[in-house]
Amino acid sequence: MAQESQHRQPGSAPAPTLGFATRAVHAGEEADLREGATGDVVAAIHLATTYARKEVALPGRYEYVRSQNPTREALEVKLAALENARYGLAFSSGLAAETTLLLATLKAGDHIVAFDDLYGGTKRLFEQVFVSFGVEVSYVDATGALPVERALRPSTKMVWVESPTNPLLKLSDIRAIAQVTRRNGLILVVDNTFLSPYFQKPLDLGADVVVHSVTKYIGGHSDVLGGALLVNSEQHYEKLQYLQNSAGAVLSPFDSYLTLRGLKTLALRMERHQQNALAIAHFLEKHPKVSRVLYPGLESHPQHELAKAQASGFGGVLSFDLKGTVPDAENFLERLQVFTLAESLGGVESLIELPSQMTHASLEKAAREKIGITDTLIRLSAGIEDAADLVADLEQALA
Ligand code: P1T
């Protein structure tokens, strides 16, 4: 394996012959047993910003840290191996990954068809930043292919979905939408942050690009800000790599190391996140003060069958509506003891928040309400604590 990794193209993954958990531990970090090598069993943190060469015209494997760095490269290989992708690229945040992707693929006048429920920061990037460069966006209910197909224009270049969405936990029928994008020569981007590659592999379902906020489940410990792009097409990879270096929003060696470390337990963590989310969802569904619970793992979720057909699990995030007023919701959130009132998700600790005032506050109230983000909608990310403690905490705060 060590020999094979020496000849692989930077950022490219080995064939996915080993199981997911095995790849999560080993891919990108095969010990180098050649003479004189250290045999490290974990990728080292390479802090050098530049690399010496013997001759002017003869650079070594690495030239300058922004272009590539051995620690980031190990992470890019591991990420690609986990998403069944040929190539991975790591960035300094999820939004940096998104920005790089948009810069690499779009020009003024191009049009994006996007899911109307997306992370607020992604919508802000489209509407407040890329609009200045002449990029247009239409939002549709991208649960199925028909609304996407109807929104296409001659200038459409890209279809952008999250599945499940943030914060309403809607799903996109990725296979059906991929047929539309293939037929029309468009790029299908799937933000896979909520399920992680452990539960869903959008490239296998027909997507062209997978986006991650590495800050969430992939890092997994609320101590890394990072992003990633995964692709199969060499042409896409070369463009993205060019922009990764030219725009410069790369992940640092230390954050790459923390992410490599976090990924080794991704399979274990995702199972526990999901187990806890299910226990919480069942508890909330029966509670008299809760009017609706949104979680793809519940049979009451309108796309529960699609969830089972395109993913191997439902993840650890759910949203729910409290009966009552905004002050009631604030009281509830402030009384919790085990849950932490904070933005973000996907860490080992359970987090809870009010999207209308926190993660999705950058959206207009009317636009929020139109798609169902009410003022009292609460989103929670189940951590890996004991389920009984999480349920008891919700129970006392609701009482
Ligand atoms: O925060 P950053 O690493 O830049 O990732 C942005 C991002 C992209 N995609 C999805 C689905 C996300 O949820 C996020 C970030 N989301 C939060 C911070 C949040 O609390 O929802």
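Heavy-atom basis, side chains included; hydrogens, waters and symmetry copies ignored. Both ligands and their constituent atoms are indexed starting at 1 by order of listing. Just so you know, residue 1 is the first one in the sequence shown, and it goes up from there. Owing to the predicted nature of the structure, the values given are computational and were not obtained by experimental measurement.
- Judged purely by atom type and a 3.5 angstrom limit, E29 has no side-chain atom pairing as donor or acceptor with the backbone of A74.
- Within the 4.0 Å heavy-atom shell around ligand 1 one does not find E353.
- Checked options L263, I218, D204, L79; the residue passing with P197 is I218 (criterion: side chain to side chain contact (heavy atoms under 4.5 Å, CB included)).
- Counting atoms of ligand 1 from 1 in the listed order, those under 4.0 Å from a heavy atom of R379 are 19 (C), 20 (O), 21 (O).
- Listed by number with element, the atoms of ligand 1 under 4.0 Å from a non-hydrogen atom of S93 are 3 (O), 4 (O).
- Considering backbone and side-chain atoms alike, L225 places every N or O at 3.5 Å or more from each N or O of ligand 1.
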* List the steps, then state whether side chain to side chain donor-acceptor pair (under 3.5 Å) holds for Y87 with Q241. => CA-CA 10 Å; Y87 306 105; Q241 203 183 28; over 6 Å; no

* E285/Y295 under side chain to side chain donor-acceptor pair (under 3.5 Å): CA gap, chis, key distance, verdict -> CA-CA 10 Å; E285 217 177 19; Y295 181 60; over 6 Å; no

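- In this structure, Y217 has its ring center no closer than 6.0 Å to that of H212.
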* Under the salt bridge (charged side-chain N to carboxylate O under 4.0 Å, His left out) rule, what do R272 and D386 come out as? Steps first, then yes or no, please. => CA-CA 9 Å; R272 180 62 168 244; D386 291 290; 3.7 Å; yes

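- Each of the following atoms of ligand 1 lies closer than 4.0 Å to a heavy atom of K216: 1 (O), 5 (O), 14 (C), 15 (C), 16 (N), 17 (C), 18 (C).
- Counting atoms of ligand 1 from 1 in the listed order, those under 4.0 Å from a heavy atom of S344 are 19 (C), 20 (O).
- Heavy-atom distances between G226 and ligand 1 reach below 4.0 Å in at least one pair.
- In this structure, M358 does not count as a contact residue of ligand 1, since none of its heavy atoms falls inside 4.0 Å of the ligand.
- Checking N232 against R86 by side-chain atom types alone, no donor-acceptor pair falls below 3.5 Å.
- Distances from ligand 1 to the non-hydrogen atoms of G121 include no value under 4.0 Å.
- For L95, heavy-atom contacts with ligand 1 shorter than 4.0 Å involve the backbone as well as the side chain.
- Ligand 1 has no nitrogen or oxygen under 3.5 angstrom from a nitrogen or oxygen of T359.
- Contact detail for A397 and R335: the closest heavy-atom pair is O-NE, 3.7 Å.
- Side-chain polar atoms of S163 and Q200 form no donor-acceptor pair below 3.5 angstrom.
- Of the polar atoms of E162, none of the N or O atoms is found under 3.5 Å from an N or O of ligand 1, judged by distance alone.
- Within ligand 1, the atoms closer than 4.0 Å to a non-hydrogen atom of E98 are 8 (C), 9 (N), numbered from 1 in the order shown.
- When hydrogens are left out, the protein atom nearest atom 6 (C) of ligand 1 is Y119 CE2, 3.6 Å; that is the closest non-hydrogen contact.
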* Run the side-chain contact (heavy atoms from CB on, under 4.5 Å) check on E364 and E127 step by step: do they pass? -> CA-CA 12 Å; E364 297 275 343; E127 291 164 25; over 6 Å; no

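- With respect to atom 5 (O) of ligand 1, the closest heavy atom belonging to the protein is S213 OG, 3.0 Å.
- Near G94, meaning under 4.0 Å from one of its heavy atoms, ligand 1 places the atoms 2 (P), 3 (O), 4 (O), 5 (O).
- Scanning the protein heavy atoms around atom 10 (C) of ligand 1, the nearest turns out to be D191 OD2, 3.4 Å.
- In terms of N/O distances under 3.5 Å, ligand 1 is not approached by T122.
- The closest protein non-hydrogen atom to atom 13 (O) of ligand 1 is N166 ND2, 3.0 Å.
- Looking at D393 and Q396, their side chains do bring a donor and an acceptor atom within 3.5 Å of each other.
- Nearest heavy atoms, S138 versus H111: OG-NE2, 2.6 Å.
- Using a 4.0 Å cutoff on heavy atoms, H212 does not count as a contact of ligand 1.
- For atom 3 (O) of ligand 1, the nearest protein heavy atom (residue, atom name, distance) is T215 OG1, 2.6 Å.
- Between E343 and ligand 1, not a single N/O pair is under 3.5 Å apart.
- The number of heavy atoms from other shown groups lying within 6.0 Å of NZ (K323) is above 12.
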